[in-house]
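Please read the structure below before turning to the comments.
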Amino acid sequence: MSVPELPGGLTGNEPEQASPKHRAGALSRLLHNPLGLISLIVLVILILLALFTPLLTHHSPIYASLNHVNAPVGTPDWPLGGDQYGRDIWSRVLTSIQVSLISAVIGASVGIVVGAVFGLIAGYVGRHTDAIASWVFNLLMTFPALVLVMLLYPVMGSTYQGMMLIFGLFLAPGIFRLVRNLVQAVRNELYVDAARVSGLSNWRILSRHVLYVVRGPIVISGVFLASSAIGVQAGLAFLGFGSTQTPSFGSMTNDAFANIYTAPLQIVWPALFLALLNASLILLGNAYRDALAAPQSKARKPAVPDEQAETETVATPANKTQGGLLSVRNLRVSYPMPDGGRKLVVSGLSLDVSAGEIVGLVGESGSGKTQTAFSILGLLPKEAQISADCLSLAGDPLIGKGAGLMRKLRQGVMSYVPQEPMANLDPAFTIGSQLKESLRKTVSRREAHYMIVSLLERVGIPDPEAMMKQYPHQISGGMAQRVLIAAAVMSRPKLLIADEPTTALDVTLQAEILDLLRELQGELGMGVLLVTHNFGVVADLCDRVVVMKEGELIEEGPVREIFHHPAMDYTKELVSAILDEETVRPDPPAVVSSSRQEGFW
Amino acid sequence: MLTFILKRIGSGLVLIFIVTAITFFLTFGVGIPVAQNILGPSASADAIANLEAQLGIDRPIMEQYFSWLIGVFHGDLGISYFTREPVVNALITRLPVTMSIVLLSCLITLAISVVLGVASAARGGWLDKALQGIATFSYVFPAIILGIVLVYVFAIALRWVPAIGFVPISKSVSGWFASVVLPAVVLSIGGIASLAAQLRGSMIDELNSEYVRSLRARGVSEISILLKHTLRNAASPALTTFSLAFISMFGASLFVEKIFALPGFGTYGYTATIQGDLPAMLGVSLFSVGLVVVVNLAVDLANGWLNPKVRVR
């Protein structure tokens with residue numbers, strides 16, 4: 001409860017960019033949010049109570065009247081009654097609100113000023129200054145703050161204000177990180193734009209820019225800092241720190257607690273007003289955050305698809321099967337848009353892959369080819385809506401299939417090779433353990449081990465035993481892609497979907513990986529759907545090609561035909577693009593397959 | 001890994017050194033009239049000088065500091081000015097109390113945060129709301145209020161647990177549990193609020209990552225993806241939050257001990273501070289930072305175990 005974590009989304013890694021119009025809107029949205037409006041009103045009332053205390057009570061909070069010991073609520077002139085010493089509870093509540101507000105202001109402003117100033121300096125100057133400041137603030141974060149605040153009580157003049165000054169220092173690291181990260185981000189942008197900017201000094205742009213961006217997050221975290229300062233002050237006063245002349249919620253709580261058997265109601269007043277104060281602060285902060293974030297992004301959504309076919313599927317009546325291995329007719333994939341409409345990313349695509357055939361699915365990024373691949377695999381995000389007249393694998397309709405059955409298919413008849421090999425291995429587990437998990441569990445451990453070793457050997461990994469003990473960060477991208485290919489063909493699938501399998505690799509490796517895919521395809525007689533933007537890869541590997549643009553099929557046919565006589569301008573562009581790259585190789589060199597091992601197959 | 005651990009121990013010692021030095025020099029600088037406080041306002045100048053010589057507080061500041069520092073290396077934290085009890089003994093009798101409630105609240109925090117964080121990352125809906133509710137609740141009701149409400153309900157009204165006092169675990173396990181469960185629950189609320197939210201966030205990030213899609217593409221079950229793969233990867237950032245939450249819980253334990261009249265560090269530190277009992281204050285400071293350092297080290301080790309990138313290096 002001492003050093004609060006900043007509320008979600010405010011860690012500085014994801015600054016809330018706010019345009020001027022947007023920010024003005026935020027304030028009005030805040031006032032239109034009932035919870036935000038109520039919190040604001042309550043907070044203002046509490047502040048007014050603290051400011052006008054002398055007008056609202058006739059007693060000093062420490063005046064003890066023997067006639068009013070434990071006086072009940074509603075006693076004339078003692079609206080909330082008297083405590084065990086006959087002091088006016090209402091007057092003590094008012095003073096406590098003052099003390100809490102002062103604590104909140106001191107704690108939060110020290111935290112914000114110290115954190116923001118050093119954050120600006122560290123982020124702007126960088127290098128050693130940044131390293132030292134970051135080290136100091138990280139260290140500060142690991143201090144047992146409350147113990148130090150307590151022990152340094154005599155040092156700070158034995159006052160609660162002094163304690164809050166020190167506590168404020170311990171609130172600074174969160175703000176420091178926030179501001180520092182934002183400044184770094186802005187500074188990096190400035191370097192890019194530096195040429196365009198004239199007249200203003202870097203420092204001025206920076207402080208304008210940064211102060212602008214950082215205002216919202218700082219207001220929000222300031223509210224949380226204020227609330228924890230209030231809580232800590234109350235706790236310390238409860239322990240006994242602070243002057244007996246100045247009541248506060250902590251000392252009131254302490255008195256009421258001592259009196260709890262005689263007058264249990266007395267605990268309600270400090271608790272109630274303390275909670276009101278905190279609640280109004282926190283809910284106001286939350287409402288402000290929502291108001292700032294509202295138009296752009298919703299909160300991060302849970303990402304696990306449900307067991308019951310989460311992806312909305314619209315089974316069209318004609319979900320009938322066609323010949324061939326994979327058959328897709330009139331596939332449509334759409335995503336919801338913020339305005340309530342839907343964006344169609346694949347519209348009416350049809351394609352076929354026969355057993356043993358390699359089909360290239362070509363198009364530039366954003367043309368919907370990856371969406372098509374994930375539709376077939378059943379791996380679209382849950383927001384996606386998918387429909388088709390026919391989407392079937394080996395005569396088995398895929399649309400409307402439950403998640404469990406789709407998983408069975410992915411374990412067996414279809415598989416996937418991704419684009420970024422390094423990002424597609426779980427960093428926390430060894431290669432061996434990841435491969436073993438993907439193996440269907442019908443074999444003994446020794447058998448599984450042997451199978452994986454021979455499989456890794458087959459995909460061209462020199463020392464499979466050693467490879468199995470490696471973690472993903474210890475191997476190269478090329479090796480990682482071989483591992484992923486091994487994982488994909490482990491179940492001897494009928495259909496392999498490879499999504500840009502060579503794009504992320506070094507040019508020298510690309511040919512080897514393509515050769516490996518070709519060989520495996522031949523050995524297993526798989527149908528392959530090869531998603532790529534590169535016509536060179538298509539020319540190298542594919543039998544037929546399907547060209548996509550903006551979600552639609554624009555041309556398809558045998559590779560040779562399309563290559564030499566592209567009908568569409570778009571296809572012509574794609575084809576001519578490779579001539580610059582010289583990716584068409586004269587002859588495939590024999591690489592891995594020379595030492596064909598008996599083993600997995 | 002070994003050099004990593006040694007490095008962390010080294011920076012832990014630096015932290016202990018800095019914090020105790022701050023406590024010593026700043027407190028000393030205030031010039032608390034300790035002997036006067038002990039003997040009362042009517043004591044003669046002679047008596048005060050005598051006592052000061054006896055306590056060794058008439059010596060120069062550096063001499064006192066180094067004699068304290070040397071004592072630390074011999075396991076001697078000095079003698080309380082007021083009670084004349086060796087500080088080490090006093091702290092060691094109080095350690096089990098504070099540790100009991102802090103460690104129990106760590107367990108509660110971890111267990112509930114993992115369940116809530118994972119479930120709300122996977123399912124969302126009302127679980128997200130519940131998480132936000134806990135976070136708001138932990139801010140709205142500070143530890144002292146929550147503690148008193150729990151005492152009133154469970155100890156005074158329902159009489160399920162004793163309202164005050166500590167039972168050592170060696171005496172009676174159930175008695176021990178009854179005496180520390182309420183304070184531990186009070187401390188856990190704040191910990192759960194921050195840890196569960198962090199875990200939910202990093203679980204969602206992991207679930208959206210490419211390797212998870214690849215695992216799904218290979219037909220690995222959702223349960224395994226959730227509990228084996230993503231939880232393990234999400235645990236690293238969550239552990240950092242946990243060590244910060246521990247520091248907060250330890251701090252809040254100072255207040256909570258008083259509600260339940262538990263003889264832990266909180267009341268000892270309060271008395272020492274009010275009296276200006278420097279050896280006792282330094283002892284509290286040293287033990288507290290030491291505890292934080294030990295927990296941080298444990299977190300680092302756990303992180304090394306979970307995260308091969310740290311381990312293998």
Side-chain angles (χ1 to χ4, degrees), chain A residues 1-3 5 8 139 141-148 150-155 224 227 231 234-235 238-240 250 253 257 260 264 267 271 274-275 278-279 282-283 300-304 307 377 379 407-408 410-411 415-416 418 420 423-428 437-438 471 473-474 484 487, chain B residues 15 19 23 26-27 30 32 121-124 136 139-145 148 152 190 194 197 201 204 207-208 210-211 213-220 222 226 229 232-233 241 244 247-248 250-252 254-255 258 266 269-270 273 276 281 284-285 288-289 292 296 306-309 312:
Chain A
M1 225 152 282
S2 70
V3 182
E5 274 291 283
L139 193 70
M141 211 146 60
T142 60
F143 275 35
L146 282 186
V147 176
L148 263 174
M150 173 173 88
L151 294 176
L152 295 182
Y153 175 65
V155 176
F224 285 85
S227 167
F238 178 76
L239 260 184
T253 308
F257 187 44
I260 199 163
I267 194 83
L274 183 54
N278 272 328
I282 294 303
L283 296 177
R300 284 183 286 192
K301 273 249 165 96
V304 178
E307 284 299 304
L377 286 160
L379 290 177
R407 189 163 64 234
K408 284 262 151 51
R410 293 194 297 262
Q411 282 170 355
S415 62
Y416 166 69
E420 293 277 352
N424 278 280
L425 287 165
D426 183 340
E437 191 180 2
S438 309
Y471 285 95
H473 72 274
Q474 296 171 301
L484 283 161
Chain B
L15 184 68
V19 172
T23 313
L26 289 183
T27 309
V30 184
I32 301 166
R123 281 286 174 270
T136 308
Y139 272 101
V140 171
F141 299 99
I144 50 166
I145 302 293
I148 288 173
Y152 190 77
S194 58
I204 288 176
L207 284 170
N208 285 323
E210 291 193 33
Y211 75 84
R213 194 170 56 207
S214 258
L215 289 169
R216 286 191 183 131
R218 271 178 256 146
V220 174
E222 286 299 326
L226 204 60
H229 295 277
R232 179 149 179 181
N233 281 290
T241 306
L244 294 179
I247 296 170
S248 296
F250 176 66
L254 304 179
F255 312 147
K258 182 171 180 189
Y270 168 71
T273 307
M281 290 165 75
V284 171
S285 161
S288 312
V289 191
V292 170
N296 281 348
L306 287 166
N307 187 346
K309 276 189 201 169
V312 176

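Proteins get letters first, then strands, A, B, ... in listed order; numbering begins at 1 in each.
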Quick one, Y211(B) and D426(A) - any side-chain contact, counting heavy atoms below 4.5 Å? yes
With chain B, which of G240(A), G250(A), P264(A), G231(A) has the greatest number of heavy-atom pairs at distances under 4.5 Å? G240(A)
Starting at CZ of R218(B), measure out to CD of E437(A) and round the result to the nearest 0.5 Å. 8.5 Å
Using modelled atom types only, decide if a donor and an acceptor are shared between the side chain of R410(A) and the backbone of R216(B) within a distance under 3.5 Å. yes
Most chain A-contacting option - heavy-atom pairs closer than 4.5 Å, from G276(B), A197(B), A217(B), G269(B): A217(B)
At a 4.5 Å cut-off on heavy atoms, which part of P418(A) comes close to chain B: side chain, backbone, both, or neither? side chain
F141(B) side chain reached by L274(A) side chain, heavy atoms, under 4.5 Å: no
Test item: T273(B) and P154(A) side chains (from C-beta on) under 4.5 Å apart, heavy atoms: yes
Reported OH-to-OH distance for the pair Y270(B) and Y153(A), which is rounded to 0.5 angstrom: 7.5 Å
Tell me, please, which residues at least two apart from S288(B) pass side chain to side chain donor-acceptor pair (under 3.5 Å). none
Are F255(B) and L146(A) close enough that some pair of their side-chain heavy atoms sits under 4.5 Å apart? yes
Sequence-distant partners of Y416(A), ring-ring contact (aromatic ring centres under 6.0 Å, His included), two or more places apart: F374(A)
Identify which of L283(A), L239(A), L484(A) forms the greatest number of heavy-atom pairs closer than 4.5 Å to chain B. L239(A)
Nearest non-hydrogen partners of I247(B) and A145(A), listed with the distance: CG2-N, 4.4 Å
At a 4.5 Å cut-off on heavy atoms, which part of I145(B) comes close to chain A: side chain, backbone, both, or neither? side chain
With a 4.5 angstrom heavy-atom cut-off, could you sort out which part of V289(B) is near chain A: side chain, backbone, both or neither? both
Search all heavy atoms of N424(A) against all heavy atoms of S214(B) and return the closest pair with its distance. OD1-OG, 2.9 Å
Could you check which of A279(A), S415(A), A423(A) has the highest count of heavy-atom pairs closer than 4.5 Å to chain B? A423(A)
Straight-line distance of L254(B) CG to F238(A) CZ, nearest 0.5 Å: 12.5 Å
Rounded to the nearest 0.5 Å, what separation is found between the OG1 atom of T253(A) and the CD1 atom of I148(B)? 5.5 Å
Shortest non-hydrogen contact from A234(A) to I144(B)? O-CD1, 3.7 Å
In terms of heavy-atom proximity below 4.5 Å to chain B, should I267(A) be classed as side chain, backbone, both, or neither? side chain
Working to the nearest 0.5 angstrom, can you tell me the gap between M150(A) CE and S285(B) OG? 9.5 Å
Most heavy-atom pairs under 4.5 Å with chain B, out of L151(A), V147(A), L139(A), I282(A), belong to L151(A)
